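Following: one structure in structure tokens, then a few remarks.
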Amino acid sequence: MNDTARRLVLIDGSSYLYRAFHALPPLSNDDGEPTGALFGVVNMLRATLKEKPDYVAFVVDAPGKTFRDELYPEYKANRPPMPDELRAQVQPMCDIVEALGMPILRVPGVEADDVIGTLAVQAAAEGIGVTISTSDKDFAQLVHARGDGGGIALVNTMSGSRMDSEQAVVEKFGVRPGQIVDYLALMGDTVDNVPGVRKCGPKTAAKWLAEYETLDGVIAHADAIKGKIGDNLREALDRLPLNRTLVTIRTDVDLEQTPTALSLREAHTDTLRALYTRYGFKQALKELDGGAGTVSGTEQARAEQAGMRNTAAGYAKASVTVDGDADPALAAAGVYECVTTHAQLDDWIGRLRAADEFAFDCETDSLDPMRANLVGLSFSTQPGAACYIPLAHDYPGAPAQLDRTVVLDALRPLLSDPGRRKLGQHGKYDLHVLRRHGIEVHGYADDTMLESFVYNATATRHDMDSLARRYLGYETVKYADVAGKGAKAIPFSQVALDDATRYAAEDADVTLRLHRVLAPKLAAVPSLERVYREIEMPLVKVLERIEANGVMIDGDELRRQSADLGKRMLAAQRKATGLAGRSFNLDSPRQLGALLFDELKLPALVKTPKGQPSTNEEALEAIADQHELPRVILEYRGLAKLRSTYTDKLSEMVNPDTGRVHTSYHQAGAATGRLASSDPNLQNIPIRTEDGRRIRTAFVAPPGRRIVACDYSQIELRIMAHLSGDEGLVNAFASGADIHRATAAEVFGKAIGDVDANERRAAKAINFGLMYGMSAFGLARQLGVSRGEAQDYIALYFSRYPGVRDFMERTREQARERGYVETVFGRRLYLEHIHARNQGLRAGAERAAINAPMQGTAADIIKRAMIDVDRWLAGHRDGSGRAPALMILQVHDELVFEAEANFVETLVAEVSGRMAAAAELRVPLVVDCGVGDNWEEAH
DNA sequence: TTTATCCCCTA
DNA sequence: GTAGGGGATAAAT
């Protein structure tokens with residue numbers, strides 16, 4: 001947006017009042033007057049005013065009928081009356097808006113939506129930048145961007161999202177702003193009592209409009225739509241035009257007000273002070289009297305610099321699109337060159353050599369970097385300029401290409417020079433590929449995926465297409481566009497050079513552009529910059545090495561186990577068929593449910609989230625005393641799970657070149673900062689049951705080597721002790737006692753030696769429950785006690801460990817005030833739904849807020865340890881690169897190594913020391929190590 | 001062949 | 001109650 005453009009903010013007052021009412025707890029002031037909604041609205045208003053708009057209006061509905069009621073008498077007939085606690089807050093709200101000096105618009109006979117729509121369109125036509133502040137998605141129909149700084153944007157302060165371009169609307173709804181009315185007409189609106197096409201939700205509506213463009217197009221082709229939903233559409237045809245009229249926001253209403261008359265008057269400070277005092281808004285009062293708000297001035301400035309904006313709820317969230325000060329070159333089209341001659345290659349090598357930093361990207365024929373063959377390389381040295389060097393395109397008629405060895409030899413000095421800064425998007429993949437083609441990359445300095453992840457882990461996915469859309473407002477060429485998808489996909493080596501260049505060079509170009517946008521955002525928040533620079537970037541090569549190392553699997557052992565499991569499954573299946581009196585598919589929850597609950601009439605005590613009778617473990621356990629079948633099913637399921645997920649799968653995953661299994665760690669996979677593992681997932685290998693644990697015996701060391709497993713003892717609880725500073729908990733850890741036993745002793749008022757097994761179990765459940773933000777309900781379920789009893793346990797716990805209670809409350813508060821929580825090392829997790837009106841969503845966000853600092857700090861700590869241990873191990877590699885020990889697995893709080901037998905002692909001492917020293921907390925970090933010929937023995 | 005649902009494995 | 005990956009079925013296509 002142009003900085004000099006005038007700005008108008010139109011606030012949809014009614015939608016805000018409702019939103020705040022449902023989103024916030026039912027607060028009241030000392031006199032018992034309800035204040036929850038008021039509080040939310042006031043915070044939103046203060047945030048809006050801080051942005052100093054030139055014009056602003058607070059628009060509310062006037063009583064009385066409007067044109068929509070004339071058209072359709074049932075309009076809004078489903079609306080429940082306004083709750084009393086909300087009604088009571090309407091007048092005070094208007095008083096506050098008035099005192100703030102903000103114009104209030106209430107036009108008889110015209111809905112607030114239409115007032116807003118009309119003013120917005122008038123203002124935009126005059127080149128004024130309009131922001132409509134609302135939680136009503138219908139306004140998306142008005143969104144558009146304009147070069148002159150005009151245009152209409154939407155902010156939804158519930159989600160913190162901002163839509164200020166056609167792309168943003170498309171991203172959110174899958175249709176363009178011009179199609180929104182058609183989209184809404186098809187779906188209908190239950191709240192306003194406007195029925196749409198039955199069973200037609202957002203997905204279907206967007207799909208039809210993508211195909212037929214407009215509502216008229218859909219109506220014209222109604223006969224072409226098959227199935228039940230086609231019948232529903234044809235049934236609704238008659239009323240769709242009316243729907244369209246009802247959901248269209250009018251922009252041509254006759255109004256007395258003009259946008260430029262909506263100036264902010266001077267605030268009436270004394271009235272405000274009185275109102276704020278009466279309703280107990282301490283923060284607002286403080287601000288009124290010149291004090292800082294909840295966010296300190298410098299913090300605020302930093303956040304703004306970093307492209308964050310304040311929203312109604314007072315929490316920061318990254319803005320959706322390109323910043324106003326972003327270099328326009330960053331969104332321009334690129335010029336791409338396909339390099340097929342030595343002269344071109346020399347030219348590009350010269351450019352790479354002259355550049356301070358460059359982006360690179362590999363094209364291959366496989367998603368698995370441990371199997372992929374290099375097909376081409378792309379480079380970019382400045383936004384808009386990139387090349388693609390094809391190396392192995394082999395379709396009929398493919399132009400001659402440079403020799404792969406020649407090209408790689410020419411590039412090696414650049415790629416392996418630690419002094420030359422390289423950047424990529426998910427570069428770990430490219431590091432694998434290049435290493436396997438004889439180039440060890442050094443100087444891999446920046447990764448846009450990790451920049452985005454550290455900057456805001458939840459704002460977007462971190463693949464390049466999503467990043468380009470969000471941070472550049474740019475639509476990339478999709479892989480499927482050039483190579484097709486599904487069964488019809490061709491390998492990249494068969495993509496025509498023109499298409500390949502368009503796609504591949506763009507990857508390098510966009511990576512560089514993204515870095516130019518993301519790096520300053522990170523730099524503006526020093527704590528995030530440090531997490532990125534000191535943890536995530538150094539970790540890239542460590543993970544690459546672990547993945548490349550792989551783990552040795554005893555395939556014969558797994559096959560034996562598969563055969564054994566298979567036999568037992570068959571026996572269980574026969575028994576089940578006998579008990580049921582007929583055969584059925586034991587793997588089908590549906591068939592099983594029909595059998596148990598319909599035929600056998602067993603009670604359905606547990607429901608699935610969708611309301612079906614559940615056949616999960618809890619449900620089957622509950623009826624196991626009434627019939628033999630449930631136990632047999634449980635037995636079968638346990639065996640089937642082990643076989644399909646583990647014993648069968650793992651031996652398939654052995655890499656033919658290395659003879660080992662190479663997992664893939666996702667560094668931007670979990671919002672808390674944890675790693676995730678897939679293909680195969682080696683972070684969920686069974687351990688709890690005897691049969692399951694046996695799978696670990698197949699994770700072996702080669703002859704002469706041993707498996708060493710080192711894990712942190714109770715790391716998350718220790719972090720809770722550190723973060724809360726609770727004296728009792730800190731002392732318990734300092735004493736080195738069994739923490740669950742110590743907790744039980746405290747809570748039940750016994751000597752440590754007198755705690756019985758049941759008390760310890762309860763204490764353990766409380767300890768874990770706390771870290772997950774549990775409720776009494778959850779604990780009761782876990783322990784099989786009444787809710788009241790569970791509540792008593794929790795109360796008792798908090799009375800013994802008051803620091804923990806305070807910590808929980810502080811954490812929730814921080815989440816509400818800033819919109820994020822932090823780890824000890826400054827990593828942030830944003831809680832998108834912390835102010836959601838939906839109670840379940842909000843409660844979930846609060847639980848996540850409690851858990852994230854602990855889970856995230858633990859993740860930071862083990863990552864630091866991995867970097868340190870890797871550095872130490874690197875010093876022990878001999879001339880050929882062979883190390884006496886390899887790091888082979890990370891399982892959240894555990895590191896697993898494969899080591900020469902005579903190096904085990906050194907390894908255990910060094911690794912446990914380095915892991916324990918990875919953070920200085922108020923409590924010691926304790927590391928346990930085990931050694932064996934396989935992973936099971938090493939525990 | 002893709003998508004949603006249910007179930008279950010780990011820390 | 002937190003954070004993940006993934007298999008099998010069944011429906012939609």
Side-chain angles (χ1 to χ4, degrees), chain A residues 199 203-204 207 226-229 457-458 485-489 584-593 606-620 633-634 636-646 648-649 663-666 669-689 691-693 695-696 711-712 714-717 720 765-782 790 794 808 821 829 831 840 843-856 858-859 862 889-894:
Chain A
K199 293 279 172 194
K203 296 287 176 200
T204 309
K207 197 180 74 183
K226 291 189 293 263
K228 184 85 181 146
I229 191 114
T458 51
K485 64 172 186 174
K488 284 177 293 233
F584 65 103
N585 186 344
L586 280 75
D587 287 316
S588 166
R590 239 181 118 177
Q591 292 185 31
L592 179 61
V606 186
K607 297 270 187 264
T608 68
K610 245 198 100 209
Q612 297 299 106
S614 174
T615 66
N616 67 13
E617 182 170 354
E618 189 193 348
L620 295 184
I633 297 291
L634 286 172
Y636 172 85
R637 282 219 185 123
L639 302 168
K641 171 81 178 174
L642 292 178
R643 198 172 80 145
S644 63
T645 311
Y646 301 106
D648 281 357
K649 200 59 195 288
T663 182
S664 180
Y665 287 106
H666 308 289
T672 51
R674 268 194 183 180
L675 299 176
S677 155
S678 70
D679 311 292
N681 181 349
L682 296 185
Q683 291 182 321
N684 71 346
I685 304 301
I687 193 167
R688 283 173 218 224
T689 67
D691 281 325
R693 197 159 49 238
I695 291 168
R696 295 186 171 223
D711 69 287
Y712 283 110
Q714 306 292 355
I715 188 167
E716 292 189 12
L717 269 180
M720 184 164 89
I766 298 175
N767 277 332
F768 278 99
L770 281 171
M771 292 191 301
Y772 299 147
M774 71 167 177
S775 62
F777 182 78
L779 181 66
R781 210 173 145 106
Q782 171 80 24
I794 295 173
M808 303 266 162
V821 292
L829 175 68
L831 287 313
E846 285 183 5
R847 290 192 297 269
I850 299 280
N851 179 256
M854 293 181 264
Q855 190 182 120
I862 197 165
L889 293 172
Q890 189 256 39
V891 194
H892 307 308
D893 64 359
E894 173 183 10

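Quick caveat, the model's predicted, so the values are computed rather than measured. Letters go in sequence order (proteins before strands), and every chain restarts at 1.
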For [X], report the nucleic acid contact type (base, sugar-phosphate, nothing); a contact means any heavy atom under 4.0 Å.
X	value
A:Lys610	sugar-phosphate
A:Glu617	sugar-phosphate
A:Ser588	sugar-phosphate
A:Arg674	base
A:Glu716	nothing
A:Asp679	sugar-phosphate
A:Ile687	sugar-phosphate
A:Leu642	nothing
A:Ala671	sugar-phosphate

Which nucleotide of DNA chain B is the first, and which the last, in the 5' to 3' direction, to come under 4.0 Å of a heavy atom belonging to chain A?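 Range of nucleotides within reach of chain A: B:dT2 to B:dA11.
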Specify the closest pair of heavy atoms between [X] and [Y], including all atoms of both residues, with the distance to one decimal.
X	Y	value
A:Lys607	A:Gly611	CD-O, 3.3 Å
A:Ala845	A:Leu831	O-CD1, 3.6 Å
A:Leu770	A:Ile850	O-CG2, 3.6 Å

Please check if the side chain of [X] supplies one atom and the backbone of [Y] the other of a donor-acceptor pair under 3.5 Å.
X	Y	value
A:Thr663	A:Pro680	yes
A:Ser614	A:Ala619	no
A:Gln591	A:Leu586	no

Quick one, A:Met774 with A:Arg847, criterion side-chain contact (heavy atoms from CB on, under 4.5 Å). Give me CA distance, side-chain angles, the key distance, then yes/no. CA-CA 7 Å; A:Met774 71 167 177; A:Arg847 290 192 297 269; over 6 Å; no
Atom CZ of A:Arg781: over 12 foreign heavy atoms under 6.0 Å: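 Check fails, neighbour count at 12 or below.
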Can you give me the first and the last nucleotide of DNA chain C (5' to 3') that has an atom within less than 4.0 angstrom of a non-hydrogen atom in chain A?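 Listing 5' to 3', DNA chain C meets chain A from C:dG1 to C:dT13.
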Under a 4.0 Å N-O cut-off, is there an ion pair linking A:Lys641 with A:Glu617?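 Salt bridge flag = no for A:Glu617 with A:Lys641.
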